[in-house]
Amino acid sequence: MATILVTGGAGYVGSHCAMALANAGHRVVVYDNLCNGHREFAKWGPFAEGDIRDRARLGALFAEHKPDAVLHCAALIEVGESVKDPARFWDNNVVGALVLLEAMRAADCRAFVFSSTCATYGAPLRLPMNEEHPQNPLSPYGWTKLAIEQASRDYAAAYGLKFAHLRYFNAAGAAPGEGIGERHEPETHAIPLALFALLGKREGFKIFGDDYETRDGTCLRDYVHVLDLADAHVRAIERLLGGGASLAANLGAGDGVTVRELLAAIERVTGRAVPATMAPRRAGDAPALVADNSLARRELAWRPGRGVDAIIADAWAWHSGK
Ligand code: UDP
């Protein structure tokens with residue numbers, strides 16, 4: 001059993017990871033400033049409200065709980081916001097991560113598992129994308145995540161930190177039985193928005209572009225269940241704490257679904273047709289993103305077992321309250 005500090009542990013991915021870590025027998029401490037997190041999502045160990053940029057607060061937290069590893073999920077994540085207000089993203093995400101890395105160094109805590117993203121790759125040069133794909137982000141959000149990857153790489157080389165950079169593709173799904181799921185404000189993601197249209201919370205669902213070079217003209221994405229993501233985080237933490245080497249790994253299902261296929265799957269799973277209309281392309285969307293997940297399969301023995309139907313069923317149960 002180890003003690004894991006989960007920053008952003010009251011958020012979407014962080015809360016599922018905290019649950020999975022607790023279920024694996026670890027002690028979880030959640031640290032979250034609740035700017036986007038939800039207090040009621042942090043229920044698998046002690047909760048401390050605070051900001052990752054607060055050096056004194058972090059110092060006290062490390063002294064009190066003596067974490068063996070940090071799972072760093074706290075971040076601003078909305079790509080469009082990052083374009084409008086990059087200063088906020090660089091300050092929160094990058095300054096925050098540097099303060100956190102310094103607190104780890106001072107406390108001699110040497111295992112850093114980081115919520116990274118396929119957005120660090122930018123426009124795909126080839127599909128599926130493996131970890132060797134050039135990293136050339138298209139948004140300030142992606143750049144802040146890449147900067148943190150690089151900072152922790154440098155800390156690893158100089159100070160003996162070990163890192164796992166986990167590059168998520170499209171996180172989706174929920175753990176409805178545990179009372180946690182996706183709740184972003186504002187919501188911009190395809191699956192919740194399509195389900196909101198079914199629930200009458202939105203007028204309808206807009207398909208952003210049908211003239212892409214994909215099999216039906218709509219964007220293709222690699223949706224991965226948040227519980228599969230959480231499982232990979234547990235594996236990554238245990239690898240680092242067990243003396244394993246640092247790594248950067250894609251976390252995606254390894255295949256893609258178009259927006260139209262997603263809507264068809266929603267109809268199949270819920271028995272209801274999403275009222276959808278065509279809309280122009282959304283700025284910055286890549287036509288297709290698919291992970292080559294063979295490194296995570298090999299190095300973490302990770303098997304993302306939950307497909308799109310399971311993702312939608314859990315997301316539907318979560319959003320519809322069923
Ligand atoms: N999308 C859409 N309508 C929406 C929201 C998203 O057609 O209201 C499309 C979007 O263009 C993308 C896919 O759904 O191709 C997934 O978008 P999401 O925002 O969920 O994730 P992203 O891939 O942008 O991180």
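Atoms within a ligand are numbered from 1 in the order they appear, just like the ligands themselves. For this chain, numbers begin at 1 and follow the sequence in order.
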Colleague: Any ion pair linking R268 and D309 (charged N to carboxylate O, less than 4.0 Å)?
Modeller: yes

Colleague: Output yes when the distance from some N or O of ligand 1 to some N or O of A190 is under 3.5 Å, and no in every other case.
Modeller: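 Yes; the residue has a nitrogen or oxygen that sits under 3.5 Å from a nitrogen or oxygen of the ligand.
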
Colleague: Any atoms of ligand 1 less than 4.0 Å from a non-hydrogen atom of I207? List them with their elements.
Modeller: 7 (O)

Colleague: To which protein heavy atom is atom 23 (O) of ligand 1 closest, and what is the distance rounded to 0.1 Å?
Modeller: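 Nearest protein contact, heavy atoms only, for atom 23 (O) of ligand 1 is R221 NE, 2.7 Å.
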
Colleague: Would you mind checking if E131 and R167 are paired as a salt bridge, meaning a charged N to carboxylate O distance below 4.0 Å?
Modeller: no

Colleague: With a heavy-atom distance limit of 4.0 Å, tell me whether H189 approaches ligand 1 through its side chain, its backbone, both, or neither.
Modeller: both

Colleague: Give a yes or no on whether a salt bridge exists between R88 and D91, defined as a side-chain N under 4.0 angstrom from a carboxylate O.
Modeller: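 Between D91 and R88 there is no salt bridge, as every charged N stays at least 4.0 Å from the carboxylate O atoms.
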
Colleague: Under a 4.0 angstrom heavy-atom cut-off, which atoms of ligand 1 come close to C219?
Modeller: 15 (O)

Colleague: So which protein heavy atom does atom 11 (O) of ligand 1 come closest to, and at what separation?
Modeller: D285 OD2, 2.6 Å

Colleague: Against S116, only a single residue in E149, K145, H165 fulfils side-chain hydrogen bond (donor to acceptor under 3.5 Å, both in side chains); can you say which?
Modeller: E149

Colleague: Working note: H184 + N36, criterion side chain to side chain donor-acceptor pair (under 3.5 Å); need CA distance, chi angles, decisive distance, verdict.
Modeller: CA-CA 7 Å; H184 294 122; N36 288 318; over 6 Å; no

Colleague: Does the ring of Y212 carry R281 above it, NZ/CZ under 6.0 angstrom from centre and within 45° of its axis?
Modeller: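 Pair R281/Y212 counts as cation-pi.
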
Colleague: I need the atoms of ligand 1 closer than 4.0 Å to a non-hydrogen atom of L193, numbered in the order shown.
Modeller: 8 (O)

Colleague: Any atom of ligand 1 sitting under 4.0 Å from a heavy atom of Y223?
Modeller: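 Under 4.0 Å: yes for Y223.
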
Colleague: Write out the residue and atom name of the closest protein heavy atom to atom 24 (O) of ligand 1, then the distance separating them to 0.1 Å.
Modeller: R282 NH2, 2.8 Å

Colleague: Taking only heavy atoms of T188 into account, list the atoms of ligand 1 that are under 4.0 Å away from them.
Modeller: 5 (C), 19 (O)

Colleague: From atom 22 (P) of ligand 1, work out which of V79, N170, L263 has a heavy atom at the shortest distance.
Modeller: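 It is N170 that holds the nearest heavy atom.
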
Colleague: Salt bridge or not between R260 and D210? Use side-chain N to carboxylate O under 4.0 Å.
Modeller: yes

Colleague: Nearest to atom 9 (C) of ligand 1, what protein heavy atom do you find, and at what distance?
Modeller: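 The closest one turns out to be V259 CG2, 3.8 Å.
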
Colleague: Might you point out which heavy atoms bring L161 and S152 nearest each other, and give the distance in Å?
Modeller: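 For L161 and S152, the tightest heavy-atom pair comes out as CD2-O, 3.8 Å.
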
Colleague: Out of all atoms in ligand 1, which are within 4.0 Å of some heavy atom of K206? Include the element for each.
Modeller: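 Selected atoms, number and element: 2 (C), 3 (N), 4 (C), 7 (O), 8 (O).
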
Colleague: Does any N or O atom in F208 lie less than 3.5 angstrom from one in ligand 1, N or O only?
Modeller: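 There is such a contact, yes.
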
Colleague: If you measure from the Lys or Arg side-chain nitrogens to the Asp or Glu carboxylate oxygens, is any gap between R215 and E261 under 4.0 Å?
Modeller: yes

